[in-house]
Amino acid sequence: MKFFFPDSQDQVSPTFDFRNEEYSPYRVRQRDDRYAHEVLAKRPYHGILVSKAIVDGSVRGSGKYTMPQRERLHRLGVQKYFRLPDGVTTLGDCGAFNYIDEIEPPYSVPDVVDFYERCGFDEGVSVDHVIFHYDRDATESTVASKWAERRRITLKYARDFLDEVEKRKHPIVPVGAAQGWSPASYADSVHQLEEMGYRRIALGGMVPLRTDDILDCLYEIDKVRQNAELHLLGITRVGTIEKFATLGVTSFDSTSPFRQSFMDDKNNYHTADGAYMAIRVPQVDGNPSLKRKVLAGEVSQAEAKRLERETLRLLRGYDEGDTRASLEKVLNALRDYEQLVEGDKLDPKKGAKKSRIPKYEILLQEKPWKTCNCGLCSKLGIEIAVFRGTERNKSRGFHNLAVFAAKIQHIGRAPSQENQ
C-alpha cells in the first residue's frame with residue numbers, strides 16, 4: 001500500500017527562532033525551507049500528488065504557487081523542485097474540487113497532458129468532474145441528470161486522455177479517473193476504464209462518504225475489476241486501509257494526519273496508540289479575539305503580553321527540567337492565560353465550554369516528544385507540542401505524517417517482506 005501526500009506548499013524553516021518568533025532575514029522560502037521528507041528521520045510517504053489547480057489556479061482564482069514558484073516547477077520539473085529522493089513516485093491530477101461549480105472542467109486534455117509532461121510526473125490522472133451525490137439505489141435513468149452527465153464527461157475525458165498519452169508515446173503512466181454516485185455506477189466506470197486500457201484507476205468523489213459506503217463501492221467494483229490497481233483520492237480511514245488493500249486498492253492520498261495538527265479540536269499530536277491535544281498559547285498580536293478585547297479596553301495589552309511570555313518561559317523551563325518551572329506552576333500559567341483569552345466562554349453560568357487544562361496536564365505529564373524518534377521532536381522539544389503559529393503547527397503536522405507512515409508500513413506486504 002502506497003501513501004501519497006498532496007502538495008500545498010507545506011514546508012518548515014530549519015532556521016526559525018522559536019524564542020524570538022523570527023525568521024532569518026536571509027531566508028528564501030523555496031530554497032531554504034524544507035519539505036517533510038527532508039526533515040524527518042524516515043521518509044513519511046511513498047509519493048507526492050500535485051494538482052494543476054494548486055499550481056496554475058482555476059476558475060476560483062490563482063493557485064498556491066507564486067509566479068516564480070510556478071516557473072521554477074515548470075523549469076526544473078517536479079523531481080528537482082521538491083528535491084525528492086529516489087523511489088518517491090510523483091502523481092499529477094487536475095484538482096477537481098477547485099472547479100466543482102462549473103458545468104465542465106476548465107482544462108482541455110492537451111493542456112493537462114502538457115502540464116504533466118512539462119513537469120515530468122511519473123503518473124497522471126485523467127481530467128474528471130466531481131459528483132457530489134450518493135444514492136446507492138439510483139440508476140443512470142433515475143439519478144439527477146447533472147450527476148449522470150458528470151460521469152459521462154469524466155469517462156469521455158478519460159478516453160481522450162488515454163489517446164493523447166499514447167499519441168505522445170507514453171510520457172507518463174495514465175491513471176483513469178472514476179466517478180460515481182453508487183456502488184453500481186462506480187463499478188461501471190471502472191469496467192469502462194479497464195475496457196479502454198487503463199491499468200491504474202483513481203476513485204474520486206469519495207471524501208464525503210462514510211466508510212461503509214466506500215466499502216460497498218469497492219465490493220461492487222471487485223466483482224467487475226480485472227487487474228487494474230485502484231487509488232483512493234483524498235481518503236485515509238486508517239482502521240480500514242487493510243481491508244481496502246484486499247479489494248484492489250494499492251495507493252491513496254490524504255492530508256488528514258498533517259491537517260489534524262492545527263485543524264482538529266483535540267487530536268493534534270499523534271502517537272502510535274493515540275493522540276494528544278496541543279497546548280494553545282496564542283500570540284497576543286495574532287489572535288483576533290484577543291486583539292478585539294485589547295482594542296475595546298477589556299484587556300490590558302501589557303498584561304496579556306506578560307502572561308504570554310511567562311507561559312512560554314515556564315513551558316520551556318519545565319521541558320528542560322528546571323525545578324523552578326514545576327508542573328503546577330506551568331498549569332497555573334496556562335490557566336491564567338486561557339482565562340484571559342477565552343474570558344466568558346469559560347463561564348459555567350453561560351453554558352461554557354470545558355477548560356483545556358486537564359488535557360494539557362496529561363500531555364505535560366507524559367511528554368511524548370521526549371521518546372519520539374521522528375527527527376523533529378528531539379530537535380524542537382516542547383515547541384512541537386505548542387499550538388501557535390505556522391512553524392510549530394506544520395512541524396507537528398510533519399511529525400503526524402511520520403507516525404501515520406509507521407502505522408501503515410506493513411499493509412499490503414507479504415509476510416516475507418515484513419521480516420526484511
Side-chain angles (χ1 to χ4, degrees), residues 4 6-9 49-67 69-70 73-74 91-119 121 123-135 138-165 172 174-182 185-186 188-190 192-193 196 198 200-209 213-214 217 231-235 253-255 259:
F4 286 72
D7 162 63
S8 193
Q9 284 298 280
L49 182 149
V50 182
S51 296
K52 179 173 170 59
I54 294 292
V55 176
D56 293 335
S58 68
V59 291
R60 287 191 170 186
S62 59
K64 297 239 178 167
Y65 282 55
T66 63
M67 180 66 76
Q69 287 172 335
R70 185 162 64 250
L73 173 64
H74 290 168
L91 172 66
D93 79 347
C94 292
F97 281 92
N98 288 274
Y99 51 84
I100 56 175
D101 297 326
E102 301 303 302
I103 296 175
E104 288 206 17
Y107 309 128
S108 71
V109 167
D111 283 347
V112 170
V113 179
D114 282 344
F115 171 70
Y116 292 162
E117 193 171 9
R118 185 166 59 246
C119 294
F121 286 99
E123 304 176 348
V125 181
S126 62
V127 186
D128 62 332
H129 216 3
V130 174
I131 296 173
F132 274 116
H133 180 74
Y134 186 79
D135 183 346
T139 65
E140 185 88 18
S141 58
T142 63
V143 76
S145 59
K146 62 180 178 180
W147 305 129
E149 179 61 20
R150 286 194 173 206
R151 192 172 81 97
R152 286 193 289 270
I153 287 171
T154 298
L155 290 169
K156 177 186 179 300
Y157 272 93
R159 188 174 292 105
D160 295 344
F161 180 82
L162 193 58
D163 290 343
E164 186 72 20
V165 170
I172 55 167
V175 181
Q179 291 284 344
W181 59 82
S182 66
S185 60
Y186 271 110
D188 184 66
S189 292
V190 169
Q192 290 196 48
L193 289 168
M196 292 177 200
Y198 282 101
R200 283 268 286 154
I201 295 173
L203 305 179
M206 288 187 166
V207 173
L209 301 190
D213 293 330
I214 295 173
C217 292
H231 178 94
L232 294 177
L233 289 165
I235 300 296
D253 67 85
S254 176
T255 59
R259 289 174 64 81

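Sequence positions, counted from 1, serve as the residue numbers for this chain.
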Output all residues satisfying salt bridge (Lys or Arg N to Asp or Glu O under 4.0 Å) with Arg159, sequence neighbours left out; order by chain, then residue number. none

Restricting to non-hydrogen atoms, name the atom on Val112 and the atom on Cys94 that form the minimum distance, rounded to 0.1 Å. CG2-SG, 3.7 Å

Please confirm whether the backbone N or O of Tyr157 pairs with a side-chain atom of Ser126, one donor and one acceptor, at under 3.5 Å? no

Exercise: identify the closest heavy-atom pair between His74 and Cys119: CD2-SG, 3.6 Å

Gap between atom CZ of Arg152 and atom CZ of Arg150 - 0.5 Å precision: 12.5 Å

Do Asp56 and Tyr107 come close enough that some side-chain heavy atom pair is under 4.5 Å? no

Give the intermediate values and the outcome of side chain to side chain contact (heavy atoms under 4.5 Å, CB included) for residues Asp160 and Val127. CA-CA 9 Å; Asp160 295 344; Val127 186; over 6 Å; no

Side chains of Arg70 and Val55, heavy atoms from C-beta outward: is any pair under 4.5 Å? yes

Closest heavy-atom contact between Tyr198 and Val175? CE2-C, 3.6 Å

Identify, with sequence neighbours excluded, every residue that meets side chain to side chain contact (heavy atoms under 4.5 Å, CB included) alongside Ser51. Leu49, Ile54, Asp93

Taking only residues two or more places apart in sequence, or in another chain, which ones meet Glu164 in a side-chain hydrogen bond (donor to acceptor under 3.5 Å, both in side chains)? Lys167, Arg168

Can you tell me how far CG of Leu193 sits from CZ of Phe161, rounded to the nearest 0.5 angstrom? 11.5 Å

On a heavy-atom basis, the closest approach of Gly124 and Leu91 is N-CD1, 4.2 Å

Any Lys/Arg nitrogen of Arg118 or Asp114 sitting under 4.0 Å from an Asp/Glu carboxylate oxygen of the other? no

Given the rule in the side chain to side chain contact (heavy atoms under 4.5 Å, CB included) test, do Ile235 and Ile214 qualify, once you have shown the distances and angles that lead to the verdict? CA-CA 10 Å; Ile235 300 296; Ile214 295 173; 3.9 Å; yes

Note, Ile153 side chain near Pro105 side chain (heavy atom, < 4.5 Å): yes

What residues, two or more places apart in sequence or in another chain, satisfy ring-ring contact (aromatic ring centres under 6.0 Å, His included) together with Phe121? Phe115, Tyr116

Once side-chain hydrogen bond (donor to acceptor under 3.5 Å, both in side chains) is applied, do any residues pair with Asp163, and if so which ones, sequence neighbours excluded? none

Taking side chain to side chain contact (heavy atoms under 4.5 Å, CB included) as the definition, give me every residue that meets it alongside Asp213, ordered by chain and number, with sequence neighbours left out. Tyr134, Leu209, Arg210, Asp216

Output the distance between atom CZ (Phe97) and atom CG (Leu233), rounded to the nearest 0.5 Å. 8.5 Å

Is Ser182 close to Asp135 at the side-chain level, that is, under 4.5 Å between some pair of heavy atoms? no

Pairwise side-chain contact, Val50 with Tyr65, heavy-atom cut-off 4.5 Å (strictly under): yes

Salt bridge (Lys or Arg N to Asp or Glu O under 4.0 Å) involving Lys64 - partner list, sequence neighbours excluded: none

Excluding sequence neighbours, so at least two apart, what forms side-chain hydrogen bond (donor to acceptor under 3.5 Å, both in side chains) with Lys146? none

For His231, give me all partners under side-chain hydrogen bond (donor to acceptor under 3.5 Å, both in side chains), at least two apart in sequence or on another chain. Ser251, Asp253

Testing the basics here: between Cys217 and Met206, what is the closest heavy-atom pair and its distance to 0.1 Å? CB-CE, 3.7 Å

Is any side-chain heavy atom of Arg200 less than 4.5 Å from a side-chain heavy atom of Glu123? yes

What one should report as the nearest heavy-atom pair of Tyr186 and Gly204 is OH-O, 2.7 Å

Test Val130 against Gln179 for side chain to side chain contact (heavy atoms under 4.5 Å, CB included), laying out the working first. CA-CA 7 Å; Val130 174; Gln179 291 284 344; 4.2 Å; yes

Just to verify, what does Arg151 make a side chain to side chain contact (heavy atoms under 4.5 Å, CB included) with, not counting sequence neighbours? Ile131, Glu140, Leu155, Trp181, Ser185, Asp188, Ser189, Gln192

Is there a side-chain contact between Val143 and His133 in this structure, where contact means two heavy atoms from C-beta onward sitting under 4.5 Å apart? yes

Thr142: what forms a side chain to side chain contact (heavy atoms under 4.5 Å, CB included) with it, not counting sequence neighbours? Ala138, Thr139

